[in-house]
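Beneath this line is the structure, given in structure tokens, with notes to follow.
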Amino acid sequence: MLSETIRSLENGFQLFDWYHLSWLMLTVFVIYIMSKIYRGADLAGQIKIKIRWALAILLLESIKNVLLIGQGTFSYDSLPLHLCGLGIFIVLAHSLLKGHHMDMLLYCLTMPGAFMSLITPNWTDVSAFNYLHFHSFFFHLLLFAYPVTMLLSKELKLSISKIWQPILFLCVTVPIIYVLNVLWGTNFMFLNKAAEGTPLMLLEQYFGEQYYILGFIGLVLIFWLFLLLPIVLFKNIFYRSNDEFR
């Protein structure tokens, strides 16, 4: 029975089956451990943890691309231009820069993007014994755990008045990536069409291919509403006041 279950993973997995739930539980465990380690470290130690964490995410993506190049399968699709791919550089910048310039980008873009990738992965048909399968889960796990750990440690200085930062980021990147998708036949950020096997397919079915992007924008705005409400209602719980930041 066990051997048959393991062999079945050669064909991938199903959403929210035991295997998928195991990865989600591992994500919770990593967040719990890293939060304890991070909060227990002094300022110098926390800086080192953030930098090493960001470099580990960058290394994972680099190894993946080196393997793809070695196999001769590297393509435009392999570039880190999905929201989670751009999250690599947001996390790296957050770990290196002083101040809180990247906090809202982490909270409004990287965290929800990685969360949705973990909850509704689009690599369900990739063999669990394939490196790309392992990379996809572990990469998104680390990418999601980073902002959540910062949030639980009250490290993020969040403010409704800074919502312009993720909006500006999207206003700059989305048009460029949309054009690149058209030129290269890619689908970065799932801007041009819905990803197979994800809830985005419902948007495409309801709005049609022509107006799918409008439904996508509406979904993002609704998602942001749920993210911004805690900032207004429970800001003293989720992050420290200005005087508390070191």
Side-chain angles (χ1 to χ4, degrees), residues 23-24 26-41 43-66 78-119 121 123 132 134-159 162-170 172-174 176-177 188-190 220 223-224 227 231 238-240 245-246:
W23 273 103
L24 296 181
L26 178 61
T27 302
V28 174
F29 179 73
V30 169
I31 292 171
Y32 172 74
I33 295 299
M34 290 308 300
S35 295
K36 291 194 67 173
I37 294 174
Y38 187 80
R39 283 183 286 184
L43 180 58
Q46 289 181 344
I47 292 174
K48 289 180 181 179
I49 290 172
K50 287 192 291 188
I51 293 175
R52 290 171 181 172
W53 198 332
L55 291 177
I57 294 173
L58 179 61
L59 180 62
L60 271 177
E61 183 69 11
S62 300
I63 292 173
K64 181 205 76 173
N65 287 332
V66 168
S78 309
L79 295 171
L81 293 179
H82 278 292
L83 185 57
C84 290
L86 298 176
I88 300 171
F89 308 104
I90 294 175
V91 169
L92 186 61
H94 182 270
S95 70
L96 295 174
L97 297 177
K98 294 181 179 180
H100 301 274
H101 309 295
M102 311 302 292
D103 288 0
M104 287 296 285
L105 298 186
L106 273 179
Y107 183 73
C108 293
L109 298 177
T110 303
M111 187 177 74
F115 172 78
M116 291 306 299
S117 293
L118 287 170
I119 294 296
W123 58 90
L132 291 179
F134 172 81
H135 165 272
S136 296
F137 264 124
F138 201 54
F139 169 81
H140 288 97
L141 184 159
L142 291 179
L143 194 65
F144 176 65
Y146 182 95
V148 174
T149 297
M150 297 301 109
L151 186 65
L152 294 176
S153 303
K154 298 185 178 181
E155 186 75 17
L156 302 183
K157 185 179 180 182
L158 306 174
S159 173
K162 295 197 296 183
I163 190 62
W164 64 267
Q165 294 175 343
I167 291 176
L168 177 61
F169 182 90
L170 292 179
V172 172
T173 57
V174 166
I176 295 173
I177 291 177
F188 293 120
M189 289 190 178
F190 309 120
V220 170
F223 212 109
W224 276 4
L227 285 175
I231 299 178
F238 286 104
Y239 62 91
R240 293 171 278 178
F245 280 97
R246 292 175 286 182

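Small disclaimer: the values here were computed from a predicted structure and weren't measured. Only this structure's heavy atoms are used, side chains among them; waters, hydrogens and symmetry mates stay out.
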* Asked: Is L86 close to I177 at the side-chain level, that is, under 4.5 Å between some pair of heavy atoms?
  -> yes
* Asked: Quick one: does L156's side chain get under 4.5 Å of H94's, heavy atoms only?
  -> yes
* Side chain K50, main chain M150, donor-acceptor under 3.5 Å -> no
* Is S95 reaching over with its side chain to a backbone N or O of L92, donor-acceptor style, under 3.5 angstrom? -> yes
* Asked: Does CZ in F115 sit with more than 12 non-hydrogen atoms of other residues, nucleotides or ligands closer than 6.0 Å?
  -> no
* Asked: For the rings on F144 and H140, is their centre-to-centre separation under 6.0 Å?
  -> no
Nearest heavy atoms of [X] and [Y], plus distance in Å:
| X | Y | answer |
| --- | --- | --- |
| I49 | A41 | CD1-CB, 4.1 Å |
| E61 | S78 | OE2-O, 3.9 Å |
| L83 | M189 | N-CG, 3.8 Å |
| F137 | L118 | O-CD2, 4.0 Å |
| W53 | Y146 | CZ2-N, 3.4 Å |
| C108 | L227 | CA-CD1, 4.1 Å |

* Asked: Between OG1 of T110 and CD1 of I57, what distance do you get to the nearest 0.5 Å?
  -> 9.0 Å
